[in-house]
Amino acid sequence: MQIKLDQEHLKGFIEQKDIDAILPDIEQAHNDLLNKTGKGSEYTGWMDLPTKLDDALLDEIEKFGEEVRAYSDCLVSIGIGGSYVGIRASLEFLISSQKLPVYYAGNNISSGYLFHLLETLKEKRVTVVVISKSGTTTEPALAFRIIKKFMQEKYMPAELKRRIVCITDKEKGALRGIADREGYRTFEINDDVGGRFSVLTPAGLVPLAIAGIDIKALIAGARKAQECCSVMDMEKNIAYQYAAARYLLYKQEKEIEVLTTFYQRLAFVEEWWKQLFGESEGKDGKGIFPASLSFTADLHSMGQLIQEGERNMYETFMVVKDSGYSMTIPRDEQDLDNFNCVADKELDYVNKQAYRATAMAHYEGGVPNMTILVPQFDADSLGQLYYFFEKAVAITGYLLKVNPFNQPGVEAYKKKMFELLGRK
């Protein structure tokens, strides 16, 4: 596993004796996950998913993706939550590998957004993937209704069948019923994997394969992380190190974690992370509030608060070792901006110095921080990163004594909304 965790700027906040004190609890969390004796164990299928995924299924999904690209100008991916952010995070992280444009729907209820999307699609050859276990979640269900009508007006029935793909429950639910009745191509959603953990299931892999992403490399990276993050060894298992640090900082009333990156391509990985951690930990009156920032831009808006505001937060930086692009800073004879000091250097060199300076300044200002080091912008690294975060949040959830795999609070607003809509 190439992903690393730098904890240099936790010194003075967390010591080895603190980790030793909670080691029995970490071991208990480890055993509860391994033996499926913890809360929500029926939804821990993500744990061995990378190694359980059949290579034949990956071949089938990749072949299907190639077929769809041959007769499509673009893909519309309909979904919300884990059926949206994981796909978008992957495509933005792997933008240089993407072969087919992807548009998103069902992640909001904005009429203006959907109107302009349909206008954009009028002259394009469109394929639609709709992702929903039940088919009754408000945002994707309504978006699918509208987009399905658009597609029915655009294509004859035989052509329509190959242009709508449903990823849903194997046997039941509204979307399963629609797919069976209309003869749409389907892929199954895993029963034992919750939505926010689903990016490495067909729910995430099918849209990514259609877009041209190397899903085998993504799974290969996740398999590496599964092996490395499955050992009960605090010196080797960085997912457990990260979980322990988060829990110990939370016990010090550091109740906000700010995930920060200096790379725009990681912005939606942050969004995926916010759902994964917020929905997993925020219950029973507990939970670390997951926030995210994009530096250096947000240093000019939020940097002041972090440097000198209330000391109720800590930071986790995500840094990519190889940015993948070479951009050399030219020398200027007049040097009026006084930046010839970095002439002939790579722009990413300056970006990394900005990260180092920020981490040091915030640490000295009383904000503990740690850094996740990602090798490069490729599918293997992303697969490692996804599994690392999934394992870490499961351990932290058990340390907090909550069920990391349910989300009962999500239903509260839905109940109120359905009452207002008159939906039975």
Side-chain angles (χ1 to χ4, degrees), residues 64-132 134-168 174-175 178-179 181-187 199 203-213 264-265 267-269 271-272 275 294 417 420-421 423:
F64 178 69
E66 291 175 6
E67 292 171 356
V68 172
R69 285 198 303 278
Y71 57 76
S72 304
D73 295 323
C74 64
L75 173 69
V76 177
S77 181
I78 302 176
I80 196 166
S83 301
Y84 161 64
V85 286
I87 296 161
R88 187 161 185 178
S90 301
L91 289 175
E92 296 207 3
F93 187 95
L94 301 169
I95 187 66
S96 58
S97 303
Q98 187 175 340
K99 298 176 183 176
L100 191 74
V102 176
Y103 299 95
Y104 303 95
N107 56 308
N108 61 60
I109 321 176
S110 167
S111 55
Y113 176 88
L114 205 51
F115 174 84
H116 289 293
L117 173 60
L118 295 181
E119 287 293 304
T120 301
L121 299 176
K122 279 184 176 179
E123 304 302 321
K124 299 182 184 295
R125 298 177 300 163
V126 182
T127 293
V128 173
V129 172
V130 56
I131 310 160
S132 177
S134 66
T136 59
T137 302
T138 305
E139 296 89 343
L142 296 182
F144 185 45
R145 273 198 181 201
I146 294 168
I147 291 173
K148 184 173 66 169
K149 182 176 183 292
F150 167 84
M151 295 290 283
Q152 288 169 336
E153 294 171 351
K154 187 177 178 70
Y155 297 107
M156 298 297 289
E159 180 67 11
L160 187 66
K161 283 185 181 181
R162 70 172 186 162
R163 291 190 175 274
I164 294 182
V165 183
C166 300
I167 306 176
T168 189
L175 186 57
I178 293 170
R181 185 183 68 240
E182 303 294 340
Y184 300 146
R185 176 67 186 269
T186 63
F187 291 88
V199 67
L205 297 178
V206 172
L208 294 180
I210 293 173
I213 299 304
Q264 189 60 33
R265 289 167 68 176
F268 258 85
V269 172
E271 295 300 310
W272 172 85
Q275 184 196 3
S294 293
M417 181 174 65
L420 294 171
L421 294 174
R423 184 182 186 218

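In this text the structure is predicted, and so the values were computed from the model without any measurement.
Put simply, the side chain of R163 reaches to within 4.5 Å of the side chain of S72, judged on heavy atoms. No side-chain heavy atom of I87 sits under 4.5 Å from any side-chain heavy atom of V129. Contact check for F144 versus I178: side-chain heavy atoms found under the 4.5 Å cut-off. Two residues are said to be in side-chain contact when any heavy atoms from C-beta on lie closer than 4.5 Å; V68 and L75 fail this criterion. Looking at S132 and T168, their side chains never come closer than 4.5 Å, going by heavy atoms from C-beta outward. In this structure, T138 and M417 have side chains that are in contact, with non-hydrogen atoms separated by less than 4.5 Å. Residues I147 and L114 have side chains in contact (heavy-atom distance under 4.5 Å, counting atoms from C-beta outward). Taking 4.5 Å as the limit, every side-chain heavy atom of W272 sits out of range of all side-chain heavy atoms of R88.
Taking both residues in full, the closest heavy atoms of I80 and G106 are given as CB-O, 3.3 Å, listed atom of the first, atom of the second, then distance. Residues S96 and R265 approach most closely at OG-NH2, 3.7 Å, considering heavy atoms. The two atoms that bring I131 and A203 nearest to each other are CD1-O, 3.4 Å, heavy atoms only. Closest non-hydrogen pair, V126 versus M151, comes out as O-CE, 3.4 Å. Taking every heavy atom of both residues into account, T186 and A179 meet most closely at CG2-CB, 3.5 Å. Nearest heavy atom pair, residue A174 against residue T136, reads CB-CG2, 3.8 Å.
With rounding to the nearest 0.5 Å, the separation of CG in L160 from CD in E182 is 7.5 Å. Rounded to the nearest 0.5 angstrom, I95 CD1 and F268 CZ are separated by 12.0 Å. Summarising the geometry, atom NE2 belonging to H116 is positioned 10.5 Å from atom CG belonging to L118; distances are rounded to the nearest 0.5 Å. I78 CD1 to I164 CD1: the interatomic distance, rounded to the nearest 0.5 Å, is 8.0 Å. The CG atom of L142 sits 7.0 Å away from the CD1 atom of I109 when rounded to the nearest 0.5 Å. Atom OG of S134 sits about 8.5 Å away from atom CG of L175, to the nearest 0.5 Å.
Screening residues 67-86 for ring-ring contact (aromatic ring centres under 6.0 Å, His included) gives Y84-Y104 as the qualifying pairs, with residues at least two apart or on separate chains.
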| task | Could you go through the side-chain contact (heavy atoms from CB on, under 4.5 Å) check for V165 and F64 one step at a time? | result | CA-CA 11 Å; V165 183; F64 178 69; 3.6 Å; yes

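Between the side chain of K161 and the main chain of R185, no donor-acceptor pair closer than 3.5 Å is present. Remark: side-chain polar atoms of K154 are paired, donor with acceptor, to backbone N or O of K124 under 3.5 angstrom. A donor-acceptor contact shorter than 3.5 Å is absent between the side chain of Y155 and the backbone of R162. Side chain of S110 to backbone of Y113: a donor-acceptor contact under 3.5 angstrom is found. Using modelled atom types, no side-chain atom of E92 and backbone atom of A267 make a donor-acceptor pair closer than 3.5 Å.
Within a 6.0 Å sphere centred on CZ of R181, other residues, nucleotides and ligands contribute more than 12 heavy atoms. More than 12 heavy atoms of other shown residues, nucleotides or ligands fall within 6.0 angstrom of atom CD in E119.
If you run side-chain contact (heavy atoms from CB on, under 4.5 Å) between I213 and each of L91, L100, L205, only L91 comes through.
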